[in-house]
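Input: a single structure, listed below in structure tokens.
Values reported hereafter were calculated over all heavy atoms of this structure, with side chains retained and with hydrogens, waters and symmetry mates removed. Every number for a ligand or one of its atoms is a count from 1 in the order of the listing.
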Amino acid sequence: MTEPARRYGASPERLGLPVVAAERRRTSRPPRHLADLDPAGRRAAVAELGERDFRASQLATHYFGRFERDPAAMTDLPEAARARLAAALLPTLLTAVREQSCDGGATRKALWRLHDGALVESVLMRYPDRTTVCVSSQAGCGMACPFCATGQAGLTRSLSTAEIVDQVVWFAGAAARSGDRLSHVVFMGMGEPLANYARVVEAVRRLTVPPPDGLGLSQRHITVSTAGLVPAMHRLAGEGLPVTLALSLHAPDDELRDELVPVNQRWPVAEVLDAAWAYAARTGRRVSIEYAMIRNVNDQPWRADLLGRLLAGRLAHVNLIPLNPTPGSRWDASPKPVEREFVRRLRIAGVPTTVRDTRGREIDGACGQLAASEVA
Ligand code: SAH
């Protein structure tokens, strides 16, 4: 890596990562939405419109309690009030451009156009014991991990709290209509959640506060995944929101991690793991170490042993992700015997290890494949 790269700070711009200037100019702040506001903020917004206080909880009950996003269906609100409230608090944030499903309908991906034309994707995965939505926190991503499709195009912009929450509410509604209950949310779609810190934390609050103020999901069922922004990891530990933290490690040594996760040049392996252990100590939550298995790149037995030594005795488990090859990438997934040997060595070291399934591959909805390109 070049010397200047070592001096880069945390922001995408300072990381020297691709932020396309033209894209930047075209993006703009999304309109304010009910889901951006806490209950007091909602009451204040309703009062500003000259409406009675209880209208705020009526709206919240529709939106968070019944997953109703369409003001026209909120028929218990008088028509004039409904129009005023909808215009001020329920603007359309996400317009579906495309929906795809696979795995017999158990995996569904949605491509959304945001108010300024930026595109993001979210994925719903139904399992026998849970239903998970994978949300985007940014349009694009500034982390530039070379094996990830989202990383290739750079960052367009961060999403607002409501743009994040609305992805979940949409899928919660879709799940409910098929007799299913959304139980888990993972911030593993497009973007680096901790680079959009305040809005992501606020979104987590909306997702976990009991209805009608929020969706009432369990904090333990929310996973925030990070490339390793150390100061933000420490800050998250102090929020009193014991969500599951996933750390995208992908290499146990700085030489390789500098290449696979470029933000490692700023916060190396030892520092990012220290931040992970501090998070575990503070929250009591086991940290999930994400490791994409890339053939002949990071899958050698010695790297499994080194990883095992780094993690042994810690409140952590390893989640191996078979690499999902992205278009134009020179990398491929590790062969199964190599993967099995890697798992075996980690387990010998006493590190709980699982291999993630590769849901959504056929619809480019698997990990790292979200690129939000629109087919003409
Ligand atoms: N910015 C966050 C969220 C990224 S997506 C982060 O870095 O953690 C969630 C996970 O998918 C991350 O661990 C990411 O490194 C991984 N991932 C990205 N591209 C992948 C690919 N092509 N194959 C497998 N996993 C990938």
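Residue Thr326 approaches ligand 1 through these ligand atoms, each under 4.0 Å from one of its heavy atoms: 22 (N). The distance from ligand 1 to the heavy atoms of Glu290 drops below 4.0 Å at these ligand atoms: 13 (O). Proximity to His250 (heavy-atom distance under 4.0 Å) selects the following atoms of ligand 1: 13 (O), 14 (C), 15 (O).
Across Val263 and Gly228, no two heavy atoms sit closer than the pair CG1-O, 4.5 Å.
Looking from atom 13 (O) of ligand 1 to the surrounding protein, the closest heavy atom is Ser248 OG, 2.6 Å. Looking only at protein heavy atoms, the nearest one to atom 25 (N) of ligand 1 is Cys367 CB, 3.6 Å. The nearest heavy-atom contact from the protein to atom 22 (N) of ligand 1 is Asn324 O, 2.8 Å. Summary of contacts: the protein heavy atom closest to atom 5 (S) of ligand 1 is Met188 O, 3.2 Å. For atom 19 (N) of ligand 1, the closest non-hydrogen atom on the protein side is Gly368 CA, 2.9 Å. At the shortest separation from atom 17 (N) of ligand 1 among protein heavy atoms lies Phe147 CE1, 3.7 Å.
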* Walk me through it: do His317 and Thr354 pass the test side chain to side chain contact (heavy atoms under 4.5 Å, CB included)? => CA-CA 8 Å; His317 81 280; Thr354 51; 4.1 Å; yes
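Taking the charged nitrogens against the carboxylate oxygens, Asp38 and Arg205 have no contact shorter than 4.0 Å, which rules out a salt bridge.
Of the candidates Ala227, Gly191, Cys148, Ser225, the one placing a heavy atom closest to atom 1 (N) of ligand 1 is Gly191.
Taking 4.0 Å as the cut-off, Met190 does not count as a neighbour of ligand 1 on heavy-atom distance.
The aromatic rings of Phe147 and His250 sit perpendicular to each other, their planes meeting at more than 60°, with 30° as the lower class boundary. Ring orientation note: the planes of Trp170 and Trp112 are nearly perpendicular, at an angle over 60° on the 30°/60° scale.
Between the Gln167 side chain and the Ser136 main chain, a donor and an acceptor come within less than 3.5 Å of each other.
Taking the ring axis of Phe54 as reference, the NZ or CZ atom of Arg52 does not stay both within 45° of it and closer than 6.0 Å to the ring centre.
Contacts classified as side chain to side chain donor-acceptor pair (under 3.5 Å) and involving residues 186-196 (residues at least two apart or in different chains) are given here: Glu192-Thr226, Asn196-Arg199.
For ligand 1, the polar-atom distance check finds no N/O of Pro193 at less than 3.5 Å from any of the ligand's N/O atoms.
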